[in-house]
Amino acid sequence: MVKKNSLIISKKNKNKNTGSVEFQITSFTKKIRALVPHFELHKKDYSSQRGLRKILEKRRRLLSYLKKKNVLGYQRLISKLDIRESNSQ
């Protein structure tokens, strides 16, 4: 498992912001990045692939919501997390 420090929300405010959209997207991104090396070793782990697809879909929906509500915050978040911008609605 590869640990990558991509947390953009300070640890001091972590307990207050766990329900925020930005925190949830960051947390889902960390989970996704942790699962990717697992699939390099276990190509036929279909139940984990299903879980990964569910996490990706949740993150996609949250990113879509954030883009509608706060475009500037959305742009900052995707640049800090180094993820691609979603074109789907």
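Values reported hereafter were calculated over all heavy atoms of this structure, with side chains retained and with hydrogens, waters and symmetry mates removed.
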Which heavy-atom pair separates Leu52 from Phe39 by the least distance, and what is that distance?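 Heavy atoms only, the tightest pair is CD2-CE1, 3.4 Å.
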How far apart are the closest heavy atoms of Ile83 and Arg59, and which atoms are they?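 Taking Ile83 first and Arg59 second, the nearest heavy atoms are CG2-NH1, 3.7 Å.
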Classify the side-chain pair Asp45/Ser48 by whether it contains a donor and acceptor separated by less than 3.5 Å.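 A pair is found: one side chain offers a donor N or O, the other an acceptor, under 3.5 Å apart.
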Check side-chain hydrogen bond (donor to acceptor under 3.5 Å, both in side chains) between Gln75 and all other residues, then give those that pass, not counting sequence neighbours.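 Not a single residue meets the side-chain hydrogen bond (donor to acceptor under 3.5 Å, both in side chains) criterion with Gln75.
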Answer whether the closest heavy-atom distance between the side chains of Asp82 and Arg33 falls below 4.5 Å.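 Yes, side chains in contact.
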Taking side chain as C-beta onward, heavy atoms only, is Val21 less than 4.5 Å from Leu63?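 Heavy-atom side-chain distance check fails, nothing below 4.5 Å.
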Could you tell me which residues satisfy salt bridge (Lys or Arg N to Asp or Glu O under 4.0 Å) with Glu85, sequence neighbours excluded, listed by chain and number?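 Residues passing salt bridge (Lys or Arg N to Asp or Glu O under 4.0 Å) with Glu85: Lys67.
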Got a second to check how far [X]'s [atom1] is from [Y]'s [atom2], nearest 0.5 Å?
X     : Y     : atom1 : atom2 : result
Tyr74 : Glu22 : OH    : CD    : 13.0 Å
Tyr46 : Arg53 : OH    : CZ    : 10.5 Å
Phe28 : Leu81 : CZ    : CG    : 13.0 Å
Arg84 : Ile78 : CZ    : CD1   : 11.5 Å
Leu77 : Thr29 : CG    : OG1   : 7.0 Å
Arg61 : Ile25 : CZ    : CD1   : 12.0 Å

Heavy-atom donor-acceptor pair, Asn70 side chain to Gly73 backbone, under 3.5 Å: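 A pair under 3.5 Å: yes.
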Under 4.0 Å between a Lys/Arg side-chain N and an Asp/Glu carboxylate O for Arg60 and Glu57?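 Salt bridge present between Arg60 and Glu57.
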